[in-house]
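For reference, the structure discussed in these notes is given below.
Everything quoted here is computed from the prediction, not taken from an experiment. These values consider heavy atoms only, across backbone and side chains, with no hydrogens, waters or symmetry-generated copies.
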Amino acid sequence: MRVTKAIKQQMLALLEETYQDTTTALTYTTPFELLIAVILSAQCTDVRVNIITGRMFPKYSTPEKILELGQSGLEEQIRDCGLYHSKAKNIIATCTMLCEQYQGQVPDSIEELVKLPGVGRKTANVVVSQLFHIPAIAVDTHVFRVANRLQLAKGKTPLEVEKGLMKAIPRDKWSDAHHWLIWHGRKVCKARKPECTVCCLCELCPSALLQEQQK
DNA sequence: CTCCCGATAT
DNA sequence: ATATCAGGAG
């Protein structure tokens, strides 16, 4: 079954209807806090990131305060989100750069953001869309999986999927669509056990049929 | 490509 | 036991 442009538009309309009120699940009160939360969210659930930042941000919520913690102090704070050694190292280096080159402010462009250690394309896309309302589609593990299953955008790499989604989705919906796909991936189109029977797109999804045949 | 990595669901 | 979780660096 071929997923036509018309089918993609139907999928997007259904996703919008179902997930219209969704937004980021990460809790933050400042641009800097969002940046740190997104860096911590690599290979870790947002729920766990919120537990960590919930106890860390009240005491350490600026680059200066984090630098006071130091490498080992920061590792202690973020230990249970995994990858803690490299995340702590990157966050320290990012805080140093923010203080020395960006007046302690979070940069507002993808080009500047990806210069920060621990910030790749996915994190930069989240930050510019969330903080500066720049249309962007951050392709994380959920968006990558869901887009490929629906064939909204096929690709072997996150960047390929990002480009495909940008073609399939009107620019003014990019940031919203990112959240529709995230929440759909979390709640329904899960990596291990996708719940196709309750999926709002089961009639349109090329992968749902495949699973029926496998049973 | 591999490595980083603890907590959780299955 | 093992796959997975808002990835990025070397």
Side-chain angles (χ1 to χ4, degrees), chain A residues 15 19 22-28 31-57 71-72 74-98 106-107 110-131 134 136-149 152-153 155-162 165 174-197 211 214-215:
Chain A
L15 284 167
Y19 301 103
T22 54
T23 180
T24 179
L26 298 171
T27 54
Y28 66 98
F32 177 73
E33 287 188 2
L34 177 69
L35 176 64
I36 298 305
V38 181
I39 292 175
L40 290 175
S41 70
Q43 294 295 292
C44 176
T45 61
D46 57 318
V47 175
R48 181 139 302 277
V49 173
N50 288 336
I51 292 172
I52 290 167
T53 55
R55 65 188 179 218
M56 182 168 79
F57 285 161
Q71 171 85 25
S72 59
L74 181 55
E75 283 184 8
E76 189 181 333
Q77 291 286 323
I78 69 173
R79 174 135 10 233
D80 43 352
C81 74
L83 311 181
Y84 62 88
H85 184 73
S86 46
K87 285 178 183 173
K89 183 182 167 191
N90 286 331
I91 289 172
I92 295 282
T94 281
C95 288
T96 302
M97 278 185 69
L98 288 179
V106 177
I110 292 181
E111 304 86 86
E112 293 300 314
L113 281 162
V114 294
K115 292 179 183 174
L116 300 171
V119 179
R121 184 165 185 87
K122 178 260 165 180
T123 299
N125 272 323
V126 171
V127 170
V128 295
S129 70
Q130 190 74 28
L131 294 182
I134 297 170
I137 304 175
V139 178
D140 57 56
T141 180
H142 294 302
V143 174
F144 184 80
R145 179 182 68 250
V146 174
N148 272 304
R149 280 183 179 166
L152 258 178
K156 298 189 184 91
T157 67
L159 187 58
E160 285 174 24
V161 170
E162 182 182 335
L165 288 174
W174 285 357
S175 297
D176 287 338
H178 157 72
H179 286 116
W180 307 338
L181 293 170
I182 291 252
W183 282 93
H184 189 60
R186 270 204 204 130
K187 301 294 184 185
V188 181
C189 195
K190 298 185 260 189
R192 281 202 186 181
K193 205 184 76 175
E195 299 183 14
C196 301
T197 55
Q211 286 172 0
Q214 282 175 353
K215 281 183 182 175

Checklist entry - Between which nucleotides of DNA chain C, 5' to 3', does chain A make heavy-atom contacts below 4.0 Å? => result C:dT2 to C:dA9
Checklist entry - Is the gap between the ring centers of A:H179 and A:Y19 under 6.0 Å? => result no
Checklist entry - Using the P atom in both, what is the distance from C:dG8 to B:dA7, to the nearest Å? => result 23 Å
Checklist entry - When you look at CD of A:E195, are more than 12 heavy atoms from neighbouring residues, nucleotides or ligands closer to it than 6.0 Å? => result yes
Item to check | Nearest-nucleotide 5' precedence on DNA chain C, A:D140 against A:N90 | outcome: A:D140
Checklist entry - Within the structure shown, what part of the strands sits under 4.0 Å from A:L26 by heavy-atom distance: base, sugar-phosphate, or nothing? => result base
Checklist entry - In residues 43-55 of chain A, what residues come within less than 4.0 Å of DNA chain C, judged by heavy atoms? => result A:Q43, A:C44, A:T45, A:D46
Item to check | Gap between atom OH of A:Y84 and atom CD1 of A:I78 - 0.5 Å precision | outcome: 9.5 Å
Checklist entry - When all nucleic acid strands are considered with a 4.0 Å heavy-atom cut-off, which category describes A:A138: base, sugar-phosphate, or nothing? => result nothing
Next on the checklist: Could you tell me how far C:dA6 sits from B:dC3 if I compare only their P atoms? Round to whole Å.
Outcome noted: 24 Å
Checklist entry - When you match A:K87 and A:K190 each to their closest nucleotide on DNA chain B, which lands nearer the 5' end? => result A:K87
Next on the checklist: Mind checking if A:T123 touches a base, just sugar-phosphate, or nothing, with heavy atoms under 4.0 Å?
Outcome noted: sugar-phosphate
